[in-house]
Amino acid sequence: MAVRTRFAPSPTGYMHIGNLRTALWAYLIAKKDPEGVFILRIEDTDQGRLVEGATDIIYDTMKSCGLKHDEGPDVGGPVGPYVQSERVRSGLYLKYAEQLIELGGAHYCFCDEETIAEAKKNSEGDSFKYEDPCSHLSLEEAKKRVAAGEPYVIRQTIPSEGSTSFDDEVFGHITVENSILDEQVLIKSDGFPTYNFANVIDDHLMGITDVVRGMEYLSSTPKYNLIYDAFGWEKPRYIHCPPVMKDEHNKLSKRNGDASFQDLMAKGYIPEAVLNYIAMLGWSPEDNQEIFTLDELVQAFNVKHIGQNGAIFDPVKLTSVNGLWLRGMDLDSYFKIAEPYIREAVTKDYDLKKIAAGVQQRANTLAEIPPMLNFYDTFPAYTNDLYINKKMKTDPAVALEALKASLDVLKEQDDWSHDALHDKLMELPAKLGRKNGQVLFPLRVAISGKPSTPGGAIEIAEILGKEETLRRLELSIQQLENQ
């Protein structure tokens, strides 16, 4: 049987990093199998938490990350609909809940939900199990009360004795005593299923072979398996993911202001780098490779290398990975995504692609680009202290000598191409008895007004052009002479 995985988000807001990692791992597991199928299912049964536009965010995120689903609400498929609220309207879940009642795996409950919640609240310890008096009603009596119009929910029936076991690919063999399992609600009073029931029904009907989800569902899995067993269905393989952590004690959470995928895009990260980084949050490749394309991740990913401990999301490391991705692009691809950011800072008629070539080697995120380039439009005010550099062995006196010599050479220069400027300016250090840096560093400061820039003096001079370069150079010499 071909591997079939699913990503089943709830449209309740932005795409969180932990959710995106779950989607990515589910995608990788499916695509590891040449015949594998990756499914997108929208779980919107919790109507009170839905956020307008959130479904579009899910689609946009998946598309921008290259996580193309084979079946889903927007592309269709043989086991749709792929939106749970649409499945509710067909009566699907209620039908299966009623079948489960007949099989002894569930029962009608006529108790007040507030009373049940209060009983749980006042209990001691995690092992408390609410004893639902309705579970002792005969099925015939329960059906009479339903027919009479009494409000009800459908709850799972849990054996009071014995234990339930399952194997997880990450956490191994797990056994839970049935006596501590709560008889969870399966169908709410409004007729909508709870997540705990709908996900089991949908996973079975959609033929899901591998369930990838957060480890917070480990404690619920025995209850899910009891439903599978009651129906006589084959259970899927489980891969429960360790959490993505903000620090050693706190999970990443949008409520706490932690970055979503959309936030990271706004901060100038690129989808390829984000996917690359989050793939390794909790998973280790077999070698020391750090940069992966999506296709390479498909080949390298192995669930046996997923750890059990939470992985800390490190923005510094993400920034480093993002920088490696940006620097690894060909110039045309880089310019395509960097041009809008360059235009934020550079509005004059300069060669933007040449500017991109310089900034590509410096900026680790796209958002870092505009502040690096603001000197092109406006020559900034600066102090002569910028010429003092111990590494370059320069000071204002050395700078003044180098700038005057550079001005004389550049005034006579007609060919303003990079190579021609390079050849002329590289003759100066030997003539002045100076090192290269003692000439080129002051020149870069003099025409940029910055202590550091993307691109060196020659690259900047070529982009600025002869007239603007000479203008700035003369102003800087005058400033040094007036010190």
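In this text the structure is predicted, and so the values were computed from the model without any measurement.
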Checklist outcome for this item: The reported gap from CG in Leu403 to OG in Ser476 (rounded to nearest 0.5 angstrom) is 6.5 Å

Checklist entry - Do you know the tightest heavy-atom contact between Ala279 and Trp25? => result O-NE1, 3.2 Å

Checklist entry - When you check the gap from the basic side-chain N to the acidic O, do Lys31 and Asp70 get nearer than 4.0 Å? => result yes

Checklist entry - Atom CG of Leu421 and atom CD1 of Ile460: how far apart are they, to the nearest 0.5 Å? => result 12.5 Å

Checklist entry - Would Leu264 and Ile17 count as a side chain to side chain contact (heavy atoms under 4.5 Å, CB included) if you check the C-alpha gap in whole Å, the side-chain angles of each, and the deciding distance to 0.1 Å? => result CA-CA 10 Å; Leu264 294 177; Ile17 292 302; 3.5 Å; yes

Item to check | Worked check of side chain to side chain contact (heavy atoms under 4.5 Å, CB included) between Glu296 and Asn276 | outcome: CA-CA 10 Å; Glu296 289 171 338; Asn276 187 158; over 6 Å; no

Checklist entry - Any side-chain donor paired with an acceptor under 3.5 Å for Asp202 and Gln84? => result yes

Next on the checklist: Restricting to non-hydrogen atoms, name the atom on Tyr334 and the atom on Ala356 that form the minimum distance, rounded to 0.1 Å.
Outcome noted: CE2-O, 3.6 Å

Checklist entry - Does any donor atom in the side chain of Thr319 or Tyr269 lie under 3.5 Å from an acceptor atom in the other side chain? => result yes

Next on the checklist: Tell me whether Ser10 contacts the main-chain N or O of Thr12 through its side chain, where contact means a donor paired with an acceptor under 3.5 Å.
Outcome noted: no

Next on the checklist: Working note: Glu43 + Asn199, criterion side-chain hydrogen bond (donor to acceptor under 3.5 Å, both in side chains); need CA distance, chi angles, decisive distance, verdict.
Outcome noted: CA-CA 8 Å; Glu43 298 195 337; Asn199 88 88; over 6 Å; no

Next on the checklist: Quick test of your reading of the model: are Arg237 and Asp210 salt-bridged, counting only N-O distances below 4.0 Å?
Outcome noted: yes

Item to check | Neighbour count above 12 (heavy atom, 6.0 Å) for Lys68 NZ | outcome: no

Next on the checklist: When you compare the side chain of Pro242 with that of Ile306, does any pair of heavy atoms fall below 4.5 Å?
Outcome noted: yes

Item to check | Any donor-acceptor N/O pair, Asp377 side chain to Lys348 backbone, under 3.5 Å | outcome: yes

Checklist entry - Where the side chain of Asn482 meets the backbone of Gln478, is there a donor-acceptor pair that is under 3.5 Å apart? => result yes

Checklist entry - How are the rings of Phe301 and Trp283 set to each other: parallel, tilted or perpendicular (split at 30° and 60°)? => result tilted

Checklist entry - Between Lys32 and Val298, is there a donor-acceptor pair closer than 3.5 Å when you use the side chain of the first and the backbone of the second? => result yes

Item to check | Donor-acceptor contact below 3.5 Å, side chain Asn322 vs main chain Ile270 | outcome: yes

Checklist entry - If you draw a 6.0 Å radius around NE2 in His173, do more than 12 non-hydrogen atoms from other residues or ligands fall strictly inside? => result yes

Next on the checklist: Whether Asp415 and Lys424 form a salt bridge (side-chain N of Lys/Arg under 4.0 Å from carboxylate O of Asp/Glu) is what I want to check.
Outcome noted: no

Checklist entry - Salt bridge check: are Asp203 and Arg41 linked by an N-O gap of less than 4.0 Å? => result yes

Next on the checklist: Any carboxylate oxygen within less than 4.0 angstrom of a Lys/Arg side-chain nitrogen, looking at Arg4 and Glu71?
Outcome noted: yes

Checklist entry - If you draw a 6.0 Å radius around NZ in Lys188, do more than 12 non-hydrogen atoms from other residues or ligands fall strictly inside? => result yes

Item to check | Side chains of Lys450 and Asn374, donor plus acceptor under 3.5 Å | outcome: yes

Item to check | Inter-residue atom distance Thr221.OG1 - Phe166.CZ, 0.5 Å rounding | outcome: 4.5 Å

Next on the checklist: For a quick check under 3.5 Å, do Tyr387 and Tyr382 share a side-chain donor-acceptor pair by atom type?
Outcome noted: yes

Checklist entry - Is Lys354 salt-bridged to Glu459, going by a charged N under 4.0 Å from an acidic O? => result no

Next on the checklist: Closer than 3.5 angstrom, by distance alone: can the side chain of Gln438 be matched with the main-chain N or O of Lys393 as a donor-acceptor pair?
Outcome noted: yes

Checklist entry - Which atom pair, heavy atoms only, marks the closest approach of Val274 to Leu318? => result CA-CD1, 4.1 Å

Next on the checklist: Does any part of the side chain of Pro193, heavy atoms only, come nearer than 4.5 Å to the side chain of Leu186, both counted from C-beta?
Outcome noted: no

Next on the checklist: For Leu281 versus Ala311, what's the shortest heavy-atom pair and its separation?
Outcome noted: C-CB, 3.5 Å

Checklist entry - Can you check whether Thr394's main-chain N or O pairs, donor with acceptor, with Asn389's side chain at less than 3.5 Å? => result no

Item to check | Separation of Thr5 OG1 from Ile239 CD1 (nearest 0.5 Å) | outcome: 8.5 Å

Item to check | Stepwise side chain to side chain contact (heavy atoms under 4.5 Å, CB included) check, Val212 with His240 | outcome: CA-CA 6 Å; Val212 185; His240 285 89; over 6 Å; no

Checklist outcome for this item: Nearest heavy-atom contact between Ala405 and Leu432 is CB-CD1, 3.9 Å

Item to check | Pair Asp74, His69: side-chain N/O donor-acceptor within cut-off below 3.5 Å | outcome: yes

Item to check | Side chain Thr469, main chain Lys466, donor-acceptor under 3.5 Å | outcome: no

Checklist entry - Is the side chain of Asp44 donor-acceptor paired with the backbone N or O of Ser85 at a distance under 3.5 Å, no angle test? => result yes

Checklist entry - Between Asp247 and Asn250, is any side-chain donor less than 3.5 angstrom from a side-chain acceptor? => result yes

Checklist entry - Would you call Arg472-Glu467 a salt bridge at under 4.0 Å N-O? => result no

Checklist entry - Is any side-chain heavy atom of Thr194 closer than 4.5 Å to a side-chain heavy atom of Thr45? => result no

Checklist entry - Does one side chain, of Glu272 or Thr293, offer a donor that lies under 3.5 Å from an acceptor on the other? => result no

Item to check | Atom CD of Gln289 with >12 non-hydrogen neighbours under 6.0 angstrom | outcome: yes

Next on the checklist: Does Arg327 form a side chain to side chain contact (heavy atoms under 4.5 Å, CB included) with Arg362? I'd like the steps, not just the answer.
Outcome noted: CA-CA 8 Å; Arg327 287 187 285 280; Arg362 289 290 301 275; over 6 Å; no

Item to check | Residue pair Gln262, Thr61: steps toward the side-chain hydrogen bond (donor to acceptor under 3.5 Å, both in side chains) verdict | outcome: CA-CA 8 Å; Gln262 284 68 32; Thr61 300; 2.6 Å; yes

Checklist entry - Ring centres of Tyr195 and Tyr217 under 6.0 Å apart? => result yes

Checklist entry - Atom CG in Leu40, atom OH in Tyr59: separation rounded to 0.5 Å? => result 6.0 Å

Item to check | For the student: nearest non-hydrogen atoms of Ala457 and Ile447, plus distance | outcome: O-CD1, 3.7 Å

Checklist entry - If you draw a 6.0 Å radius around NZ in Lys267, do more than 12 non-hydrogen atoms from other residues or ligands fall strictly inside? => result no

Item to check | CG/Asp349: more than 12 non-hydrogen atoms of other groups inside 6.0 Å | outcome: no

Checklist entry - Is a side-chain donor or acceptor of Ser284 paired with a backbone partner of Met280 at a separation under 3.5 angstrom? => result no

Checklist entry - How many angstroms lie between OH in Tyr277 and CG in Leu324, if you round to the nearest 0.5 Å? => result 13.5 Å

Item to check | Arg434/Glu401 salt bridge by N-O under 4.0 Å criterion | outcome: yes

Next on the checklist: Are more than 12 heavy atoms, taken from residues, nucleotides or ligands other than Lys353, located less than 6.0 Å from that residue's NZ atom?
Outcome noted: yes

Next on the checklist: Could you check whether Tyr14 and Asn19, counting side-chain N and O atoms only, form a donor-acceptor pair closer than 3.5 Å?
Outcome noted: no

Checklist entry - Counting heavy atoms not belonging to His204, are there more than 12 under 6.0 Å from its NE2? => result yes

